[in-house]
Protein chains: 2
Amino acid sequence: MGRTANCLIAAARPRNLGPGGHGGTPEAERHGISNPKDPQTSPARERYALLCDTLRDRICLLDYPPGTRLSEEALASEFGISRTPLRRVLGWLESQGLLVSVQGVGTIVTDVELEELAQVYQLRMELADLIGKLSPLPPDAETVALMRSLRQRGQKLAAEPDTRSFARLNIEFFHALMRCSGNAPLREISERLYYQTTRIWLKSISHLDLAEEVAIFADEINDVCTAVELGDIMAAASIRRAHISMSFWRLGQNGGGPAE
Amino acid sequence: MGRTANCLIAAARPRNLGPGGHGGTPEAERHGISNPKDPQTSPARERYALLCDTLRDRICLLDYPPGTRLSEEALASEFGISRTPLRRVLGWLESQGLLVSVQGVGTIVTDVELEELAQVYQLRMELADLIGKLSPLPPDAETVALMRSLRQRGQKLAAEPDTRSFARLNIEFFHALMRCSGNAPLREISERLYYQTTRIWLKSISHLDLAEEVAIFADEINDVCTAVELGDIMAAASIRRAHISMSFWRLGQNGGGPAE
DNA sequence: TTTCCGAAAGCTGTACACAACTCGAAATGG
DNA sequence: CCATTTCGAGTTGTGTACAGCTTTCGGAAA
């Protein structure tokens with residue numbers, strides 16, 4: 001009864017390949033020797049999950065800014081598939097609150113107001129606490145190494161701020177933190193809410209001081225990494241919660257105005 | 001900025017028609033005078049949401065017991081539609097963790113173990129607390145009236161226990177409680193986790209004492225209703241949390257054995 | 001010049017046929 | 001008689017054409 005047992009509940013989400021998205025097990029797919037016990041590992045599911053992650057990243061990195069009208073046909077031809085399987089992906093993105101499709105108009109990248117976001121931020125703060133309370137996992141060597149690598153990247157970024165690298169590091173840091181919780185439903189929900197908020201924050205970054213934001217984030221990584229090194233997940237969760245709160249506060253102060 | 005403002009985030013879920021599912025506004029749909037500002041109110045979306053609720057109820061009331069193989073073609077013909085829009089519904093149910101589709105085999109109603117469910121129950125307990133803490137809504141007259149009606153139905157049910165009526169009342173009571181929270185994302189997540197667990201509980205009811213379970217549930221409704229009448233949502237949430245905890249405990253004691 | 005109407009273009013939603021895949025049963029060779 | 005292979009029924013996944021809806025642009029009338 002190992003890790004594979006709870007795959008049914010996790011089946012809701014596409015296989016997490018991480019933001020880096022290095023290709024996993026290419027040989028296994030080519031030879032068709034995928035593990036028949038794992039329903040997630042089928043050629044169709046692999047393409048589906050990859051597309052979900054790809055498009056989600058494009059939306060959350062503002063490659064598709066809020067309000068963008070996506071063309072199903074264009075995307076389908078870009079990925080070399082038909083509209084039918086693509087629509088399944090778009091449906092999932094819509095269920096994540098990142099898209100909305102209306103007949104006769106198009107598929108539009110959503111844009112949410114800071115007011116509505118307040119509820120999501122409140123919830124994210126509470127869930128951050130729960131990461132420390134509910135089934136915290138003692139970090140393994142790989143997690144610690146990942147955290148240290150992120151800390152180093154954060155320090156490099158502080159020396160040379162860059163919006164896009166900032167966003168990517170933010171996403172990877174989130175996923176690293178998720179490795180510290182053994183509660184799969186909590187991870188899934190946290191991820192959903194995270195992706196709902198991160199692009200709004202990225203959109204408002206122009207109204208904030210990028211260098212200051214990067215410095216604060218580098219500190220956050222450093223603090224969380226220290227806590228993880230000590231195996232104190234509750235402390236890491238508390239730090240995370242505090243930074244979510246402060247991030248929302250800064251958004252309301254500086255980024256919430258009548259933009260543009 | 002009333003209720004309609006946060007429809008974008010809520011767009012993830014089909015329009016909640018309640019378990020009773022009385023038809024809503026049939027005239028508006030027939031005449032095509034649906035509010036153009038609300039993206040959820042389109043003829044296609046209406047059918048979609050209705051189908052989602054219908055099939056979810058069938059799964060969660062064990063009309064389709066865990067392990068059942070559903071036929072896309074049969075369902076499509078039953079509802080007088082093609083497989084294409086039906087598959088969208090099935091995809092949503094799969095994202096909710098209630099179905100799993102595998103090529104060449106079929107669409108199968110999931111069955112989860114009590115072990116995996118422990119994480120969901122833990123999370124549900126914490127979220128129940130949050131219902132009282134995050135944006136609790138002072139109950140309006142309609143909510144109080146609904147609660148009182150449910151309390152009465154609970155007392156009637158205690159006098160004449162019936163599994164299916166029990167399940168329906170349980171679902172409706174959950175939705176009534178959700179009216180007390182103004183946090184839309186929290187409501188959505190709570191609903192998702194609730195539906196993931198309720199059918200497992202219903203499946204194990206045969207191993208428990210139905211009369212006793214009904215009596216306990218009637219008490220829960222009564223206590224929560226009293227708290228709601230006083231406007232003390234935090235108290236209602238605490239009561240709810242306690243009952244979720246006790247329900248899980250009873251499941252582990254009596255219903256968790258090597259069934260059948 | 002302004003306003004209103006209508007046709008056309010473009011989009012998502014739907015239906016249907018076919019491909020890809022799984023599983024089981026029947027046939028075949030040992 | 002048993003093991004192995006092959007074929008077929010049945011299922012989900014995919015491609016494609018068309019229907020329904022919305023927006024826009026052009027032209028005619030006031």
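All heavy atoms count here, side chains included; hydrogens, waters and symmetry mates do not. Each chain gets a letter, A, B and so on, in the order the sequences are listed, and its residues count up from 1.
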Practice item. Kindly state whether the ring of Tyr121(B) and the ring of Trp201(B) have centres lying under 6.0 angstrom apart. Key: no

Exercise for review: Classify the nucleic acid contact of Arg88(B) as base, sugar-phosphate or nothing, counting any heavy atom under 4.0 Å across all strands shown.
Suggested key: sugar-phosphate

Review point. From dT14(D), dT14(C), dA20(C), pick the nucleotide closest to the side chain of Pro85(A)?
Key: dT14(D)

Exercise for review: Can you tell me the distance, in whole Å, between the CZ atom of Arg45(B) and the C1' atom of dT14(C)?
Suggested key: 15 Å

**Study point:** Candidate nucleotides dG13(D), dT12(C), dT16(D), ranked by approach to the side chain of Thr84(A) - the nearest
**Key:** dT16(D)

Exercise for review: Describe the nucleic acid contact of Arg87(A) in one word from base, sugar-phosphate, nothing, applying a heavy-atom distance below 4.0 Å.
Suggested key: base

Practice item. Could you tell me the separation between the CD atom of Glu94(B) and the C1' atom of dT11(D), rounded to a whole number of Å? Key: 14 Å

Review point. What is the distance, rounded to the nearest whole Å, between atom CZ of Arg83(B) and atom P of dT12(D)?
Key: 7 Å

Check your understanding: In whole angstrom, what separates Leu86(B)'s CG from dG13(D)'s C1'?
Key -> 14 Å

Review point. Given dT12(D), is OP1 or OP2 found less than 4.0 Å from the side-chain N or O atoms of Thr107(B)?
Key: yes

Exercise for review: Would you kindly compare Val105(A) and Ile81(A) by the position of their nearest DNA chain D nucleotide and give the one closer to the 5′ end?
Suggested key: Ile81(A)

Exercise for review: To the nearest Å, give me how far apart OH (Tyr48(B)) and P (dT14(C)) are.
Suggested key: 11 Å

**Study point:** Heavy-atom pair of closest approach, residues Pro185(A) and Gln119(B)
**Key:** CD-OE1, 3.5 Å

Review point. Closer to the 5' end of DNA chain D via nearest nucleotide, is it Gly80(A) or Glu73(B)?
Key: Glu73(B)

Review point. Is a side-chain N or O of Tyr194(A) found less than 3.5 angstrom from the main chain of Ile171(A), in a donor-acceptor match?
Key: yes

Study note, to complete from the structure: salt bridge (charged side-chain N to carboxylate O under 4.0 Å, His left out) test vs Asp63(B) passes for just one of Arg56(B), Arg58(B), Arg199(B), Arg164(B), namely Arg164(B)

Exercise for review: Looking at every strand, decide which applies to Leu70(B) at a 4.0 Å heavy-atom threshold: base, sugar-phosphate, or nothing.
Suggested key: sugar-phosphate

Review point. Nearest of dC16(C), dA17(D), dG13(D) to any side-chain atom of Ser82(B)?
Key: dC16(C)

**Study point:** Short side-chain N/O contact from Ser101(A) to OP1 or OP2 of dT12(C), under 4.0 Å
**Key:** no

Review point. Does Arg47(A) put a side-chain nitrogen or oxygen below 4.0 Å from OP1 or OP2 of dG13(D)?
Key: no

Review point. Which atoms form the tightest heavy-atom contact between Leu114(B) and Gly252(B), and what is the distance?
Key: CD2-CA, 3.8 Å

Review point. To the nearest Å, how far apart are Leu75(A) CG and dC11(C) P?
Key: 12 Å

Practice item. Grab the CD-P distance between Glu72(B) and dG13(D) for me, whole Å please. Key: 6 Å

